[in-house]
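Lettering follows sequence order; numbering is per chain, from 1.
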Protein chains: 2
Amino acid sequence: MRIGELSRRTGVSVPTIKFYVREGLLPAGELTSPNQASYGEAHVQRLRLIRALLDVGGMSIAEIRCVIEAVDDPDRPVHEVLGTAASRMVPRHDREPGAGIEAARRKVDELITERGWHTVPSNLASESLATALAALDEVGHGAFIEVLDVYADAAELVARADLDYVARNVAREELVESTVVGTVLGDAIFSALRRMAHVDASDRLFGEAT
Amino acid sequence: MRIGELSRRTGVSVPTIKFYVREGLLPAGELTSPNQASYGEAHVQRLRLIRALLDVGGMSIAEIRCVIEAVDDPDRPVHEVLGTAASRMVPRHDREPGAGIEAARRKVDELITERGWHTVPSNLASESLATALAALDEVGHGAFIEVLDVYADAAELVARADLDYVARNVAREELVESTVVGTVLGDAIFSALRRMAHVDASDRLFGEAT
DNA sequence: CGCTATCTGATAGCGCCACTATCTATGATG
DNA sequence: CATCATAGATAGTGGCGCTATCAGATAGCG
């Protein structure tokens, strides 16, 4: 198919498709003549992936490029790539090194030890967690640490379900892409569910009092 | 205290503080003379809140302004404000109305009914959820719906813990701010924990195979 | 064959956002 | 009195995700 049809089928404008090709998110179409290229189902698929990560996942073009490079490289050990993919998509944390970050890091290490989690030092998620805990503390809600265990329980629950799904439904060559999609969209899904559950719970607690 | 000290104590530059005042995120200091104003602890607190929502929560200035207006308005019924605050901070979902969105909405309604969740139609979270589910489907992972129940279980778990924490630790006048902080930073915390749990779980499954 | 719509590839520009720089006039401070 | 900090205002910056425009080539139709 040519670029116009690709555009129509995905809802992405032609200039934007070209932009993605330039940015290395999308492979170029196969040239059939010096100024004609043909695109296939893989391009449709890839474009949908890009839009999902961008619109729903809130990732930047640069982050998506990292992830896509991992997806496209078949010569990476599965486990490493999964770790990388998961680590890639941590939200930006450009905040300065506040005083509380050290205490937060210790708290995180403690949690990891208690739970016996196998984790890699390079995993940015733990740093991310420490940053969030430090921010919480700075804002005057250090006591929130109390419920961290419940959060960790819930995270384990969800992570098991995710892996289970992957093991049952996903072929090996789609592993990385599925992980990425699941990680990013799963965040959005859980986040929405949590808000809905909040409304429900607060309705039950404070509801009748208007 | 004067603006310089406020800047030093929060790590936010003086021009940026002025910018936040212009943008209505931060109340102006109390003028002690035509060109001197004094700031108090409330300003420090507010600045920390802004930076937490911005850096860790990834919210935009405009979203933060909405939330802060709710925080500053004491004449709102608690329950409504909690709902508003929670609804405010849904990630941007400017994607086009793909075909699958209707089916996803139905699935969401089904979930709400099954769970007996008290929710308001205006709650943007359910729309957000539908969008994410539709995106998942488009990307070829419609089967992920299977694990939605586990996600909902986990969300209920976390939401109960959140409300519990709030009921035990938070005074009424801080309710809204705490909700906002908890919602936004809680997302970041859970997200990080989930990634860590993923690494752990995938290590146990695929780990030894390198 | 001519005609128009479409295509490739390239460069330049736009709109938004979160600041940041610079300026003037004024007052604080040692 | 000299120096520094400040208020308030306006303009500018850099990054990001596109978007507009163009030249030149081709497709497909009558």
Side-chain angles (χ1 to χ4, degrees), chain A residues 1-40 43 46-47 49-68 89 91-96, chain B residues 1-40 43 46-47 49-68 89 91-96:
Chain A
M1 101 191 69
R2 297 192 299 169
I3 205 172
E5 191 180 343
L6 181 61
S7 168
R8 251 167 282 120
R9 280 190 51 192
T10 57
V12 179
S13 78
V14 171
T16 300
I17 292 173
K18 290 184 179 181
F19 169 72
Y20 291 159
V21 173
R22 278 201 303 282
E23 291 294 315
L25 305 187
L26 190 67
E30 197 187 344
L31 280 177
T32 58
S33 74
N35 68 339
Q36 298 284 303
S38 92
Y39 303 82
H43 291 92
R46 173 59 54 89
L47 269 174
L49 174 64
I50 293 169
R51 300 309 305 200
L53 297 183
L54 203 56
D55 293 343
V56 183
M59 290 175 70
S60 72
I61 298 282
E63 288 165 336
I64 293 173
R65 182 168 36 229
C66 284
V67 162
I68 274 176
M89 50 209 50
R92 62 221 152 278
H93 284 328
D94 33 351
R95 30 184 21 226
E96 357 208 308
Chain B
M1 106 189 65
R2 297 192 300 170
I3 205 171
E5 191 181 343
L6 181 61
S7 169
R8 250 168 284 122
R9 281 191 50 192
T10 57
V12 179
S13 77
V14 171
T16 301
I17 291 173
K18 288 182 178 182
F19 169 71
Y20 290 159
V21 172
R22 280 201 301 283
E23 291 292 315
L25 305 187
L26 190 68
E30 198 189 341
L31 280 178
T32 58
S33 75
N35 70 336
Q36 296 286 300
S38 92
Y39 304 82
H43 291 93
R46 173 59 56 88
L47 270 174
L49 175 64
I50 294 169
R51 300 309 307 202
L53 297 182
L54 203 55
D55 293 343
V56 183
M59 291 174 69
S60 71
I61 296 282
E63 288 164 335
I64 294 173
R65 183 166 39 228
C66 284
V67 162
I68 273 176
M89 50 210 53
R92 60 222 152 277
H93 283 330
D94 34 350
R95 32 183 17 226
E96 355 211 304

>> Rounded to whole Å, how long is the line connecting atom CG of L47(B) with atom P of dA18(C)?
In response: 16 Å
> Using purine N1 to pyrimidine N3 plus N6-O4 or O6-N4 for Watson-Crick, or N1-O2 and O6-N3 for G-U wobble, both under 3.5 Å, which nucleotide pairs with dT3(D)?
Replying inline: dA28(C)
>> Looking at the base of dA10(C), is there any donor atom on it, or on the side chain of K18(A), that sits under 3.5 Å from an acceptor on the other one?
In response: no
>> By nearest atom, which of the nucleotides dC19(C), dT6(D), dC18(D) is closest to the Q36(B) side chain?
In response: dT6(D)
>> Strictly below 4.0 Å: does S13(A) bring a side-chain N or O up to OP1 or OP2 of dC18(D)?
In response: no
>> Just by distance, no angles: are the side chains of Y39(B) and R46(B) close enough, under 3.5 Å, to form a donor-acceptor pair?
In response: no
>> Would the distance check show the side chain of E63(A) and the main-chain N or O of S60(A) forming a donor-acceptor pair, the cut-off being under 3.5 Å?
In response: yes
>> What is the separation between atom CD1 on I17(A) and atom P on dG9(C), rounded to the nearest whole Å?
In response: 14 Å
>> Does N35(B) contact dA7(D) through a side-chain donor or acceptor facing the base, at a distance under 3.5 Å?
In response: no
> Is the closest side-chain heavy-atom distance between I61(A) and Y20(A) below 4.5 Å?
Replying inline: yes
>> Rounding to an integer number of Å, can you tell me how far I3(B) CD1 sits from dT6(D) C1'?
In response: 8 Å
> Looking for any heavy atom pair under 4.0 Å, which part of the strands does A37(B) touch: base, sugar-phosphate only, or nothing?
Replying inline: sugar-phosphate
>> dT20(C), OP1 or OP2 - any side-chain N/O from T16(B) closer than 4.0 Å?
In response: yes
> To the nearest angstrom, how far is L31(B) atom CG from dT26(C) atom C1'?
Replying inline: 12 Å
> Rounded to the nearest Å, what distance is computed from the CZ atom of residue R8(A) to the C1' atom of nucleotide dA5(C)?
Replying inline: 12 Å
> If only side-chain N and O atoms of Y39(B) are considered, is one of them under 4.0 Å from the OP1 or OP2 phosphate oxygen of dA7(D)?
Replying inline: yes
>> Whole angstroms only, please: what is the CD-P distance between E5(B) and dT29(C)?
In response: 12 Å
> Of the candidate nucleotides dG17(D), dT20(C), dG27(C), which contains the atom at the shortest distance from the side chain of I61(A)?
Replying inline: dG17(D)
> Which part of the nucleic acid does R22(B) contact within heavy-atom distance under 4.0 Å: base, sugar-phosphate only, or nothing?
Replying inline: base
>> With a 3.5 Å distance limit and no angle check, can you tell me whether R65(B) reaches the backbone of G24(B) through a side-chain donor-acceptor pair?
In response: no
>> Taking the minimum atom-to-atom distance to the side chain of F19(A), which one of dT20(C), dT29(C), dC18(D) wins?
In response: dC18(D)
>> Does dC19(C) have OP1 or OP2 under 4.0 Å away from a side-chain N or O of Y20(B)?
In response: yes
>> Rounded to whole Å, how long is the line connecting atom CD of E23(A) with atom P of dG15(D)?
In response: 14 Å
> Side chains of R9(A) and M1(A): closer than 4.5 Å at any heavy-atom pair?
Replying inline: yes
> Please give, in whole Å, the distance from dC16(D) P to I64(A) CD1?
Replying inline: 13 Å
